[in-house]
Amino acid sequence: MVAHNLGYPRIGSHRELKKANEQYWAGKITHDQLAEAGQRIRRDNWLTQQQAGISLIPCNDFSFYDQILDWSLTVDAIPERFRPLAEKPGVRELDLYFAMARGYQQNGLDLIALEMTKWFDTNYHYLVPEFSKAQSFSLRSGKVFTDFEEAKTVLGRIPKPVLPGPVTYLLLGKEKEDGFHRLDLLDRLLPVYEQILSRLEAQGAEWIQFDEPGLVLNADEQQQTAYATAYRFLRERFPNLKFLVASYFECFGENLPLATQLPVDALHIDLVRCPNQLDDLLHTDFVDRKTILSLGVVDGRNIWINDLNRSLSLIQKATDALGQNRVWVAPSCSLLHTPCDLASETEASGLTPEIKQWLAFAKQKLSEVVKLATIAAQPDSEQAKIWLIENETVLAERRQSALINRPDVQQRVRQLTDKDTHRGAPFHRRQSIQHERLNLPLFPTTTIGSFPQTDDVRINRAKFKKGEKTLEQYEAFIRVETEKAIRWQEEIGLDVLVHGEFERNDMVEYFGEWLDGFAFSQNGWVQSYGSRCVKPPIIYGDVYRPEAMTVRWAEYAQSLTRKPVKGMLTGPVTILQWSFVRDDQPRRDTCMQIAFAIRDEVVDLERAGIQVIQIDEPAIREGLPLRRENWETYLDWAVKAFRVSASGVRNETQIHTHMCYSEFNDIIQSIADLDADVITIETSRSQMELLDAFVQFNYPNEIGPGVYDIHSPRVPTTEEIIALLHKAADVLPVRNLWVNPDCGLKTRRWPETEQALKNMVQAAQTARNLV
Ligand code: GLN
Ligand code: ZN
């Protein structure tokens, strides 16, 4: 039975790619040195897969920044604004590539980078292709060919090139002008695929993997036709190449008949995300064809060891229906979304041995895939029995571990009642009670929470972590920073202050470190975009809050001022969304456990005299399932979790929430259902257009549409902020409006922050005088 892989992490097991890229960008290493660093990572990855026993090894899955950007260069989909750079003599392809990824300001050129957005429902970001009406495509970059040649040499056998599928590639892009649909470009794109495949075939390629995760999205007729057209076109021209179409992250839904009838040699399905897909598929005439079915049974999105028996029963079902020769085994999707190697977890401060044995990172997942293929082929072998017993033992230990199970926590979630999800009084009554108590002016000003994390802050935290500073020294430092921030906010006249979050490394990690049920790896990095990697916490057990997490800092900040200081928390959905979540209970249950922990913190903050508490939920929207039919269920529990966290306090305590991405049109009802007293959102880049959803909906609660973009150091003028406030006041009740920046300020520096906030406060004062 063939054990194959769809893609391998390319950051290197010690983030070698990040380091090399950043050194190159800083001019510290040469182009050749960077190329060599890439070569070393590719070589290691290929050999790792070969040694693990993977028989069909992917190539062209490596990328210096992003595989979709690679492809835009391959097919010459270079936006017009980059042409001057592309055509400039002596400009290297890699430099053009990085310019498209990161923007370019040199030699009199000022080119804005391609937009970046989330890759399906992952935390990976790809660079969005830009298409024009007159778009043409041609073969430009030869990366896929050199990669193939290189892999062939390293491996001594034929690798499997991975190509973005033509339809998914177009779907992931954006029309930059009106009057056409990007799928209209398929006819122009396919001839380039033809050229690419001819060359790969001439180089000796046998299997080609087309990644078409677009197949799991709700598709209209035009989209469905596009898939059929594309693969018919390619099939006719390449009767001898073998095509594998890979889908992942969801079920096919209405695309099932289409997917099963594609004229390809193998179809990959994600049985982790959609275990029922196998039955569905085996009930179609797929069974009567010759197509191979690749079973994604090892979770490429999470870090738990595989339940071998469970996977084997799926494999068995497939082989019973299709025969051994038509079944392959693979991870559910590319392993890009998992950390590289559990063996790098050596430091004592990281994962305990007990937890470690429950985990598999990318390298370990390769062995799982191979084990499954081996056992499926020879279920009665001695080796198979040993592997199965080992696996069963660890899984049983995990299920029963005292580390995981907290009956009190489980009971609390089971006993959740309506009362837990409701504030004492409806919003309009809370609003008058809060206005009376807080006595804020119209257009109250506030910020989203964090202030600049200066080098000084980072250095002090690093020293504390390394043991070069004592806890007392570190905390004394944080106290000084906090006090400075409070004094300064008072001075410029902000109305609701924040403590500045200087004690926090990251808005999820900070809470994970305080909560039981969370573990942290030392080296479990996953690519987020380009050279940016994240190390998600691992939620392995029932979540419990042994002690207050933020009260001390909030209390301290409040003691310094008579103005209200906003307590600052991360919400349950965001904590869930940005972690590796346990797979032994529904996500909803884990989310609800976190919600109760946050609820207790909210109540403790109130008890400590904090009158305004913000529960950040920037990840609510990105948690939306890929298929519409699953939205309602998700939104239902996500909203409930937020309400559990927010509803433990009295009416006079004001609950804020904050969300970054503000495309709320299709989920505005759920945003309103959160029933936060105040929501702050990002709107400045769209000139308040993103408020429309709230206006049309008659959003009842208070709202702070961000008045300036914090992603750039640019300081907004008072006048432009006033203009935005007018815009907002034209469409929303003035008594519901707040004035704040778009998001937290931790990535900014102090000079621009000071000036921007001064202008913001002044704008609010002017606006007050006008009403
Ligand atoms: N309170 C957080 C901060 O200001 C919120 C950040 C976010 O939502 N992304 O940093
Ligand atoms: Zn934000």
Side-chain angles (χ1 to χ4, degrees), residues 116 118 123 125 445-454 457-458 461 478 481-482 485-486 489 494 496-512 528-529 532 534 536 549-550 553-554 557 565-579 598 601-602 605 610 612-623 638 642 645-646 654-664 671 674 676 678-686 690-691 703-712 738-750 752-753 756-757 760:
M116 196 164 64
K118 291 207 176 234
N123 209 0
H125 302 69
T445 53
T446 189
T447 60
I448 306 303
S450 56
F451 277 126
Q453 289 254 337
T454 55
V457 173
R458 286 177 212 282
R461 183 178 312 121
I478 299 288
E481 293 299 301
T482 308
I486 293 284
Q489 292 173 83
L494 280 156
V496 173
L497 314 191
V498 296
H499 75 288
E501 302 182 26
F502 302 108
E503 79 288 9
R504 301 186 190 175
N505 37 2
D506 170 274
M507 62 186 287
V508 169
E509 195 171 336
Y510 181 81
F511 290 91
S528 173
Y529 62 86
R532 186 169 156 74
V534 293
M549 307 180 280
T550 64
W553 291 114
V565 173
K566 199 157 49 159
M568 199 56 63
L569 305 172
T570 302
V573 183
T574 300
I575 293 181
L576 185 85
Q577 203 57 37
W578 293 350
S579 302
I598 300 295
E601 186 72 14
V602 172
L605 282 168
I610 304 300
V612 182
I613 300 165
Q614 177 170 313
I615 308 172
D616 288 320
E617 281 291 23
I620 280 214
R621 187 161 212 300
E622 72 179 60
F642 179 86
S645 71
Q654 189 172 61
I655 299 288
H656 289 218
T657 190
H658 166 72
M659 287 174 200
C660 307
Y661 309 106
S662 305
E663 278 161 42
F664 291 132
I671 302 299
L674 297 177
V678 181
I679 183 172
T680 55
I681 56 169
E682 188 176 311
T683 46
S684 75
R685 271 188 291 185
S686 69
L690 290 167
L691 260 191
I703 180 164
V707 293
Y708 79 88
D709 179 14
I710 57 91
H711 299 92
S712 115
W738 284 70
V739 183
N740 47 264
D742 267 346
C743 193
L745 297 160
K746 70 166 163 244
T747 55
R748 292 270 59 87
R749 285 157 9 92
W750 272 110
E752 71 253 18
T753 301
L757 289 180
M760 186 186 88

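Both counts, for ligands and for their atoms, begin at 1 and track the order of listing.
Atoms of ligand 1 lying under 4.0 Å from at least one heavy atom of Cys660, given by number and element, are 7 (C), 8 (O), 9 (N). Atoms of ligand 1 found under 4.0 Å from any heavy atom of His658, numbered from 1 in the order shown, are 7 (C), 8 (O). Every atom of ligand 1 with a heavy atom of Gly449 under 4.0 Å away is listed here by number and element: 4 (O).
For the pair Arg621 (side chain) and Glu663 (backbone), a donor-acceptor distance under 3.5 Å is present. When atom types are taken as modelled, the side chain of Lys566 and the backbone of Thr447 share a donor-acceptor pair closer than 3.5 angstrom.
Between Ile620 and Leu674, the closest side-chain pair of non-hydrogen atoms falls below 4.5 Å.
Inclusion of Leu745 in the set of residues having an N or O under 3.5 Å from an N or O of ligand 1 is not warranted.
Under 4.0 angstrom from ligand 1, the non-hydrogen atoms of Ser450 come from both its backbone and its side chain. Looking at Met568 against ligand 1, only its side chain comes within 4.0 Å, counting heavy atoms.
The aromatic rings of Phe451 and Phe502 sit parallel, their planes meeting at an angle under 30°, below the 60° perpendicular limit.
Ion pairing between a basic and an acidic side chain is recognised when a charged N comes within 4.0 Å of a carboxylate O; Glu501 and Lys746 show no such pairing.
Heavy-atom proximity to atom 2 (C) of ligand 1, evaluated over Thr447, Asp506, Asp616, Ile615, is greatest for Asp616.
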